[in-house]
Structure formats: C-alpha cells, structure tokens
Amino acid sequence: MPADDAIRDARPRAAATLPSRAEDFPRWYQEVVARAELAENGPVRGTMVIRPWGYEIWERLQAAIDERIKAAGAHNAYFPLFIPEALMRLEAEHVEGFDPELWVVTHGGGRKLEEPVVVRPTSETVINHFFAKWVQSHRDLPLIVNQWCNVVRWELRPRLFLRTTEFLWQEGHTAHVDEADARAFALRILTDVYRDAMEEVAAVPVLIGHKTARERFAGAVRTWTCEAMMGDGKALQMGTSHELGVNFSKPFGIQYADAAGSLRYVWQTSWGASTRLIGALIMAHGDDFGLRLPPALAPVEVVVLCVREDDQVHRVASQLAEDLRRAGRRVHLDDRTDTGFGRRSVDWELKGVPVRVEVGPRDLARGEVTLVTRHTRTKEPVALGAVAGAVERICRGAAAELRAEALAFREGRTASVTSLAEVAEPGATGFARIPWRAVGEHGELELAAGALSVRCLQRADGGLAAPGEPDDALVAVVGRSY
RNA sequence: CGGGCUGUGGCGCAGUUUGGUUAGCGCGCUGCGUUCGGGACGCAGAGGUCCCCGGUUCAAAUCCGGGCAGCCCGACCA
C-alpha cells in the first residue's frame, strides 16, 4: 500500500510507531504485547497479568485444544496446587530435572511447616499418587485425565508469554496397559490435538519429531514435540507429548491385574501446551503494524468502523454490524466520535482484527463500503449488498493464507546440510536439517556452544520415527530457540 | 551465580561529568473548542517520596558510603 504509507509518513507519528521487526525483533515483540493490550508484567518478577484481549485469545486456543483432547477420550479434572515435597521426590530423574525450578512453601498459618510444600511445576507426582489408587484392573485402563491449571517454575529470564514464572497450561496424564498403547496415545495427542490445533486453528505450521536425550522431559522415555519457526527464524516449542514408560508407575506403584490375574505396571504418557502459544501466535504472524490473528482466535473478527460522525453512516454501520452478527461473526461496532478515524484504524490493526469494514460518507455516496483485510493490508470497495459475502470470503481464507505465508517463510529459511560445520550459517537465521549421525551427543554440545540446539529428530520426509527405528536413520532439525 | 548497564509523573527519556531559584521534554491523561477517508490541532489543566537509608554541604536528582530493584549478555526451561 504505497499510497497509504505516503499518507502515514506525512504525519507526525514517530512516537507511536512500532519498532520494525527486522531492526529489533525482541523490542517489537514487547511493544506489540503492550500496545495490543495482551499482557503486562505482574508485581512479582516473572509473573504475568493477561489482559482481556490476550485472555480472550487464550480462551479460544483453550477451546480448540480442549475439544480435541476430549475427542481423544480425555476427561478434565483438577488436582491441587500444593504437592508434598516427599511425593515430588519419588521419581529420581524427575526431581533432579525440576529441582532448580521449584518454589517451595515453608510457612503457613504463621508457622513453619513440618514438611515443606512444593508449588506444582507440573503434576505428574500428585496425579500418579492418585492413579495408584484408581487403577486396579485392566478394565480401568486406559485412564485419561487432563487438567487446565497454572504451574509455577523459577525462571531466570522471564519474557511475557514465552517464559514466565507462573503460566497457564493444560496437562494430560494417562495410564495404559502396555507400551504400544501408550505410544499410540502419545502420538495421537501430538498429531490430532497439537499439530491439528496449531495448523488448523492457529495457522502456524509445525514440524513434528522427538527430542534428543539432552532435550527430553525429566522422567520421560521419549518426548515428542511440535516445533514452529517464528518471524525471526528462531524455533518455539508449541506442545509436547511424553512417553513415560514405567518410570512413574514403578515408584508410585501403579499396577493393574491383567486378564490372567497377574499384576502389571501401567505404561504412561503426559502432554502439555501453555500460554506460550500466544507468544507463538504473535511472533509467527505479526508484522510491522502489529498482531495478525487468524479469525478463529480473534476476539473480534470484524470491526465495523464509522469513518466520521454522520447519521446515515451510523445507521448503515449499525445495520451492517447487526447483519454480520446474525451471520455468526464476532463483530464490534466502532462508532466512537471522540477519537480520530486514523487512530481507531491503527488500533484495530495493532490488535490484529482480521477484517475492517470502513463506512464513510464517500463510500455511501457510491453505495459502497471499504473492506480492509488485516493480514494483507489490502483495501477494496465493496457494494453494500455484497459485504456479508466478502467478509465471509476473507474470514474463510485468512487462516490458510497466514499458514501458507508462515510455511513459505520457514521453507525459505531452512537449509539441508551434511556436516556439523555447515550448520552455523543456516542456523543463525533459521533451521538446518542435518543427518543425526553427523551430530551425535558430542555434536550437540558443540551446537550448544553456538547457541544452537536440536529442536527435533524426524524422518527425512518429515514423518515420525517408527517404534524401534534408530535415531541414526533420522534427520535433526537444528536452530536457535526460545 | 559471573560480567556490563540503568533506577527521575502512567510510558519513554533529558538533566548528574562541573551541587545553586519553581526538576524539564515527548507520548499518554482531564476539560473546552476546531477537526475527523490512516496515529489531528489550539488553548487551559492534572499528575513527582528524582529507588531506599545514611553522610558531606548554607544548599543534593547531582558528591560520598551502604542497601534494594530492574535490564542486557553468558550456564537451565512449556
């Protein structure tokens, strides 16, 4: 929109403009979070206040994930925030992994507690404590429980949504009769819940694979992951699904009697996705003008904007808003007269509303309105009678276009290489794909020294490793990460 | 935890080197008016423990000592 830019640039606006993504991505991110009124820092370091606009996005993400989790057979439940320290210590690797991140409550009721209480960093331990009671027979399996809650982890360098001391998430926990069943379920969650929600709802294309031993969840046998590329080329983990084997069922004593009457340990999984996804949404789709939301997640899909105070304008705008609402869209009528049109347009643009319907006297004189598509920033005149159809067209197409754009971006910044020495260059701006056997555990250390890491291991065609398939046959996706 | 930097109205900053009247500026906020097709303008206002404690001095945002907090960079993480 060169014409628009010329107009913008002619106005005094320096203080109001976002920093450009290319120049300073982290600052751009912070500004978008602040100016789109998504969140701000809480009074305790690392904590986050999620503001209504951000929370409504979260509610929509939540709904998308919840619906899919339930389709996979899960039921929601709730377990306590406080975990006895002794329970937390039952699984050796798990404690060791989480120890440096724990918040421990030592006092209550004005007195020192007999036994310190841990604030949950994740709930494997409490939940499995109860699984041990609930599971008796093979008829009790699979047991599939999910909870939506907050968790708390000590963080050295917090960043809103991406890494906060307290965050909101969903954690699923399951128990199965055998390894194959557990694995199948972990993969189902990975693909049918996380990948599907990320790609279809959030319009963020993801790579799927499993983590190396170094990056694996503390206590897991295998960690499966969805990884996406952000607008600065860095990777962000969008959701993880863990195969826990019998690592927890043994120390927690979760056993069932099989059909023959012999006692067996359950095979387990756990999986989670958090408010970090909001950060992903911002960084995967945002542009120099702010947020770009896929309609399914936008608190408001269409804003009908009265260009100026005028009876006819107001009448038509109200009618259009009502029509669009009846057509099932989430619509906001912006008929404020105390704020200039330019300011209002820019505000909605910052907040990422997918479609703007601008109604002004000049449009009406021609029997039209102006439609603006947020993700392309294109304007088009549309006859009054054709508005509903045009809005539907934009809303239905937006997610696919955002996804295609993100995918093209990722592909453009991904290079395949064959040796460790060649990883640094593509890794600095995006992803390098390299045979895992050319990296190995030693190579991983070397990568870490260059601020790079293996995001996941997958087949050359992007598929998941089959059971028993050796890592040596797989490709490592290497990049910088959040 | 090691290294670098910064604490001044809601936000972003200047002023500190070389102490000196009433602590400024931009954005934001309130009121009135003119505006309104891409972050409008004028006028009038409100808003401050200059991070905290102590010291030096006739006088401290400014100098000295001690504390606290935050940011950035390095080792961990959804």
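Per chain, numbering begins at 1; letters A, B, ... match sequence-line order. These numbers come from a predicted model, not from an experiment.
- Closest approach to the A:Arg214 side chain among B:G38, B:C77, B:C76 is made by B:C76 (side chain taken as heavy atoms from C-beta onward).
- B:G38 and B:G47 have their C1' atoms separated by 31 Å, with the value rounded to a whole Å.
- Residue A:Arg377 places no side-chain N or O under 4.0 Å from the OP1 or OP2 atom of B:G38.
- Remark: the separation of the C1' atoms in B:G48 and B:A23 is 9 Å, to the nearest Å.
- The distance between atom CD of A:Gln30 and atom C1' of B:G70, rounded to the nearest whole Å, is 12 Å.
- In this structure, A:Glu155 atom CD and B:C71 atom P are separated by 13 Å, rounded to whole Å.
- When both distances must be under 3.5 Å, the Watson-Crick or G-U wobble mate of B:C36 does not exist.
- Look at A:Arg45 and you'll find a side-chain N or O under 4.0 angstrom from OP1 or OP2 of B:C71.
- Under the 3.5 Å distance criterion, with hydrogens and angles disregarded, no donor-acceptor pair is assigned to the side chains of A:Glu91 and A:Asn128.
- Across B:C32 and B:U21, the matching P atoms stand 38 Å from one another, rounded to whole Å.
- Here the C1' atom of nucleotide B:G39 and the CG atom of A:Leu305 are 13 Å apart, to the nearest Å.
- Atom-to-atom, CG of A:Asp334 to C1' of B:G37 comes out at 14 Å; the value is rounded to the nearest Å.
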Please assess A:Arg214 against A:Glu441 for the test side chain to side chain contact (heavy atoms under 4.5 Å, CB included), listing each intermediate value before the final yes or no.
CA-CA 8 Å; A:Arg214 184 189 162 83; A:Glu441 286 183 23; over 6 Å; no
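- Of all nucleotides present, only B:G7 satisfies the Watson-Crick or G-U wobble test against B:C68, with each distance under 3.5 Å.
- When Watson-Crick and G-U wobble pairs are counted only if both distances are under 3.5 Å, B:A44 pairs with B:U30.
- Rounded to whole Å, the P atom of B:C13 lies 14 Å from the corresponding atom of B:C71.
- Across the protein-nucleic acid pair, A:Arg308 atom CZ and B:G38 atom P stand 11 Å apart, rounded to whole Å.
- Using C1' as the reference atom, B:G9 and B:C27 are 13 Å apart when rounded to the nearest Å.
- Atom pair A:Leu102:CG and B:C76:C1' shows a separation of 13 Å (rounding to whole Å applied).
- Distance from the side chain of A:Asp347 is smallest for B:G39 among the nucleotides B:C77, B:G37, B:G39.
- The CZ-P distance, from A:Arg159 to B:G70, rounds to 17 Å in whole Å.
- Residue A:Ser345 has its side chain nearest to B:G38 when only B:G39, B:G38, B:G37 are considered.
- Relative to the side chain of A:Glu309, the nucleotides B:C77, B:C36, B:G38 differ in distance, and B:C36 lies closest.
- In terms of modelled atom types and a separation under 3.5 Å, the side chain of A:Thr339 and the main chain of A:Arg344 share no donor-acceptor contact.
- Remark: B:A59 base-pairs with no nucleotide in the shown strands. Criterion, Watson-Crick or G-U wobble with two distances under 3.5 Å.
- Judged by distance alone, the side chains of A:Glu401 and A:Thr376 never bring a donor and an acceptor atom under 3.5 Å apart.
- A side-chain donor-acceptor contact under 3.5 Å links A:His210 and A:Asp471.
- Within 4.0 Å of A:Thr122, counting heavy atoms only, lies no atom of the nucleic acid at all.
- Set against B:C77, B:G38, B:G28, the side chain of A:Arg343 has B:G28 as its closest nucleotide.
- A donor-acceptor contact closer than 3.5 angstrom is absent between the side chains of A:His173 and A:Ser270.
- The separation of B:A59 from B:G54, taken at their P atoms, amounts to 16 Å, rounded to a whole angstrom.
- Computed from coordinates, the A:Arg362 CZ to B:C36 P distance equals 11 Å when rounded to whole Å.
- Counting any heavy atom pair closer than 4.0 Å across all strands shown, A:Gly272 reaches no nucleic acid atom.
- Residue order along RNA chain B, read from the 5' end via each residue's closest nucleotide, puts A:Val307 first among A:Pro100 and A:Val307.
- When only modelled atom types and interatomic distance are considered, A:Trp267 and A:Glu243 share no side-chain donor-acceptor pair under 3.5 Å.
- Taking the C1' atom of each, B:C51 and B:G7 are spaced 6 Å apart, rounded to whole Å.
- Partner assigned to B:C1 is B:G74, using Watson-Crick or G-U wobble distances below 3.5 angstrom.
- Note on A:Thr165: nothing from the nucleic acid sits closer than 4.0 angstrom, heavy atoms only.
- Under 3.5 Å, the side chain of A:Arg35 and the base of B:G39 form at least one donor-acceptor pair of N or O atoms.
- A donor-acceptor contact under 3.5 angstrom links the side-chain atoms of A:Lys379 to the base of B:G38.
- Distance noted for atom P between B:A60 and B:C50: 12 Å (whole Å).
- Under the 3.5 Å distance criterion, with hydrogens and angles disregarded, no donor-acceptor pair is assigned to the side chains of A:Arg45 and A:Thr47.
- Pairing of B:A14, defined by two Watson-Crick or G-U wobble distances under 3.5 Å, is not identified with any nucleotide.
- Looking at which nucleotide of RNA chain B each of A:Asp363 and A:Phe161 is closest to, the 5′-most match is held by A:Asp363.
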